[in-house]
There are 2 protein chains.
Amino acid sequence: MGRDNPIRVLVVDDHPIVRDGLRSTIELETDMGVVGEAADGAQAIELFETLCPDVTLLDLQMPHVDGLQALTGIRKVKPDARVVVFTSYPGDVRVTQALTLGATSYLLKSASREEIIDAIRSASFGHQVIASEISDELAAHQGMAVLTVRELGILRLVKEGMSNRLIAESLFISDETVKTHMKSILVKLGASDRTHAVTIAQRRGFIDS
Amino acid sequence: MGRDNPIRVLVVDDHPIVRDGLRSTIELETDMGVVGEAADGAQAIELFETLCPDVTLLDLQMPHVDGLQALTGIRKVKPDARVVVFTSYPGDVRVTQALTLGATSYLLKSASREEIIDAIRSASFGHQVIASEISDELAAHQGMAVLTVRELGILRLVKEGMSNRLIAESLFISDETVKTHMKSILVKLGASDRTHAVTIAQRRGFIDS
DNA sequence: ATTGCAATCACCCTTCTGGGGGATATTGCA
DNA sequence: TGCAATATCCCCCAGAAGGGTGATTGCAAT
């Protein structure tokens, strides 16, 4: 089993040093090469269109257009694009989102050179690679309730220290409604209070930390 | 103004890819070279002792022994060691801690290759380089009250969703005392409630996010 | 010695939160 | 079309949180 041509890789990360590291690691292999680098999601989609790489290495945490948006954009251009997500986020929610959006693999920034190379090579064949820490976390949270858009919006305001009444006013709804949503959030996350809910939501990747 | 010998750099970061990136960027320069790589704080101190590098590039976010502990250890070996902190943490508190512990410079992971090279070269002469985002944040929080060890301990329990009474029991103090500490925390951080306090403390680097 | 700060505890009072119900649209998808 | 999920609103109530004020102890720096 082999490939005729070198695997053409597009590297997407907002940190120049990380791009350098990926480039130098990839260029050491004989069967792959970096054909482009993007520093944000918009640039990633643009470069994907012009370069049409075999595999895209994509960070999720980026300014302006983030990785999930980039992934959506890339998949719209080429629905069977091979995209390896490479990020520091361990939260199960983001992983699920990325995989649902069609990510081929999911690696952590702490991955070794070999793991990264292997994931790129596997992705070029369409094989999936999920870091073990990731699949453990996915398994641990599988079947758990998902927060609704409304609940997420409310939780973000809670995180900024807003009371139920202030949240109600800013969303133009009754404070009783906010309380209902809060109860639902606490139950879904298994949190003991609103602070705990924010902490858990951050860990699981429901909201930014 | 110049140096006779190449600048000997020690690279410390738990992500292999970041170490690769730093190495490849540094090796492109004629007046500096990487003499060692460490993946955690303990290894960093060890390698510093055996290699005695001119400049150490140090990430703060590492497992086991973190960057601040490594910085302390390195300074104990050689009090005038040049250490460039290179991290994603923007919180003013960690920056202040690092500078107090004797860090020469403070860069963000988003820094360009040129900024990193320049900071290493400057550090080798003992010159300080602080990223502008960092100095802005330092200025914005200068003169602000600092949380005590007790307050930090309590805030970490608050983050995990513990009530004042539970915190009191786990610390073997009165819940009235916890309430007193909480009031102090809210005032010092300018927070509207305990959730907000945790959020602000995370942003400023008082506690981990 | 005296000052200052951290940590501890106490009391009062108001507001907010969270847990328990129940009810009625609306919406999206099968 | 009909069901399930979602969003909305309402009531009651006990307990927790937060704001104000004051006081004691111990330690460390001046």
Side-chain angles (χ1 to χ4, degrees), chain A residues 72 93 96-97 100-101 141-202 204 206-207, chain B residues 93 96-97 100 141-202 204 206-207:
Chain A
T72 308
V93 176
T96 306
Q97 283 179 322
T100 304
L101 287 175
H141 297 104
Q142 79 173 176
M144 278 196 170
V146 171
L147 296 190
T148 68
V149 173
R150 197 48 151 178
E151 287 162 353
L152 286 176
I154 288 176
L155 201 49
R156 288 197 189 94
L157 299 181
V158 169
K159 176 179 147 196
E160 300 304 320
M162 289 174 71
S163 68
N164 290 340
R165 189 151 52 89
L166 275 178
I167 294 170
E169 284 169 12
S170 86
L171 296 181
F172 304 105
I173 56 179
S174 157
D175 54 342
E176 287 296 331
T177 305
V178 176
K179 287 180 70 174
T180 304
H181 287 305
M182 273 308 303
K183 289 175 202 172
S184 167
I185 291 170
L186 293 176
V187 170
K188 284 184 179 179
L189 296 181
S192 54
D193 62 29
R194 51 177 54 217
T195 309
H196 198 197
V198 169
T199 300
I200 294 173
Q202 285 175 336
R204 295 195 49 197
F206 276 113
I207 60 178
Chain B
V93 176
T96 305
Q97 284 180 322
T100 303
H141 297 105
Q142 78 173 176
M144 278 195 168
V146 170
L147 295 190
T148 68
V149 173
R150 196 49 150 179
E151 287 162 353
L152 287 176
I154 289 175
L155 202 48
R156 288 197 189 94
L157 298 181
V158 169
K159 176 179 147 197
E160 299 305 321
M162 289 173 71
S163 68
N164 290 341
R165 188 143 56 92
L166 275 179
I167 293 170
E169 283 168 14
S170 86
L171 297 181
F172 304 105
I173 56 179
S174 158
D175 55 340
E176 287 297 329
T177 304
V178 176
K179 288 180 74 173
T180 304
H181 286 307
M182 273 309 302
K183 290 172 201 171
S184 167
I185 290 170
L186 294 177
V187 171
K188 283 183 179 180
L189 296 181
S192 54
D193 62 29
R194 51 176 57 218
T195 309
H196 198 198
V198 169
T199 300
I200 294 173
Q202 285 176 336
R204 294 194 50 198
F206 274 113
I207 61 179

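All values below were derived from every heavy atom in this structure, side-chain atoms included, with hydrogens, water molecules and symmetry-related copies excluded. Within every chain, numbering begins at 1; the chains are lettered A, B, ... in the order of the sequence lines, protein sequences first and strands thereafter.
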**Report entry** Base versus backbone protein contacts along nucleotides 14-30 of chain D [heavy-atom cut-off under 4.0 Å; B, S, -]
**Finding:** --SSBBBB---------
Query raised in the report: Are B/I185 and B/L152 close enough, and set up right, to give a side-chain contact (heavy atoms from CB on, under 4.5 Å), and what steps lead you there?
Result: CA-CA 9 Å; B/I185 290 170; B/L152 287 176; over 6 Å; no
If you look only at distance, which donor and acceptor atoms sit under 3.5 Å apart when one is on a side chain in residues 162-173 of chain A and the other is two or more places apart or in another chain?
residue : atom : partner : partner atom : Å
A/S163  : OG   : A/L166  : N            : 3.3
A/N164  : OD1  : A/R194  : NH2          : 2.4
A/S170  : OG   : A/I167  : O            : 3.3

Report task. Quickly work out the A/L189 CG to C/dG19 P distance and round it to whole Å. Result -> 12 Å
Requested in this report: Spell out, as yes or no, whether a donor-acceptor pair under 3.5 Å connects the side chain of B/K188 to the backbone of B/V146.
Outcome: yes
Query raised in the report: Minimum heavy-atom separation for A/T199 to B/K159, with atom names?
Result: OG1-O, 2.6 Å
Query raised in the report: Taking CD1 from B/I185 and C1' from C/dA6, how many angstroms apart are they, rounded to a whole number?
Result: 13 Å
Report summary line: Scanning both residues in full, the closest heavy-atom pair of A/D193 with B/G161 reads OD2-O, 3.3 Å
Query raised in the report: Does any donor atom in the side chain of B/S184 or B/E151 lie under 3.5 Å from an acceptor atom in the other side chain?
Result: yes
Report task. Using a 4.5 Å cut-off on heavy atoms from C-beta on, say whether the side chain of A/V198 contacts that of A/V158. Result -> yes
Report task. Using atom CD1 of A/I154 as one end and atom P of D/dA7 as the other, report the distance to the nearest whole Å. Result -> 8 Å
Report summary line: A/H181 atom NE2 is separated from D/dC10 atom P, nearest whole Å, by 13 Å
Query raised in the report: How close or far is atom C1' of C/dG18 from atom NE2 of A/H196, stated in whole angstroms?
Result: 15 Å
Query raised in the report: CZ of A/F172 versus C1' of D/dA7: gap in Å, rounded?
Result: 17 Å
**Report entry** B/L155 and B/F206, any side-chain heavy atoms less than 4.5 Å apart
**Finding:** no
Query raised in the report: Roughly how bent is the helix from C/dA1-D/dT30 to C/dA30-D/dT1 end to end, in steps of 10 degrees, with each end axis from five pairs?
Result: 60°
Report summary line: Between CD1 of A/I173 and P of D/dT8 the distance, given in whole Å, is 5 Å
Query - Rounded distance (Å) that lies between atom C1' of C/dT17 and atom CG of A/L157 - result: 17 Å
Query raised in the report: Does a side-chain heavy-atom distance below 4.5 Å link B/T100 with B/T96?
Result: yes
**Report entry** Residue-phosphate contact under 4.0 Å: A/T177 side-chain N/O, D/dA7 OP1/OP2
**Finding:** no
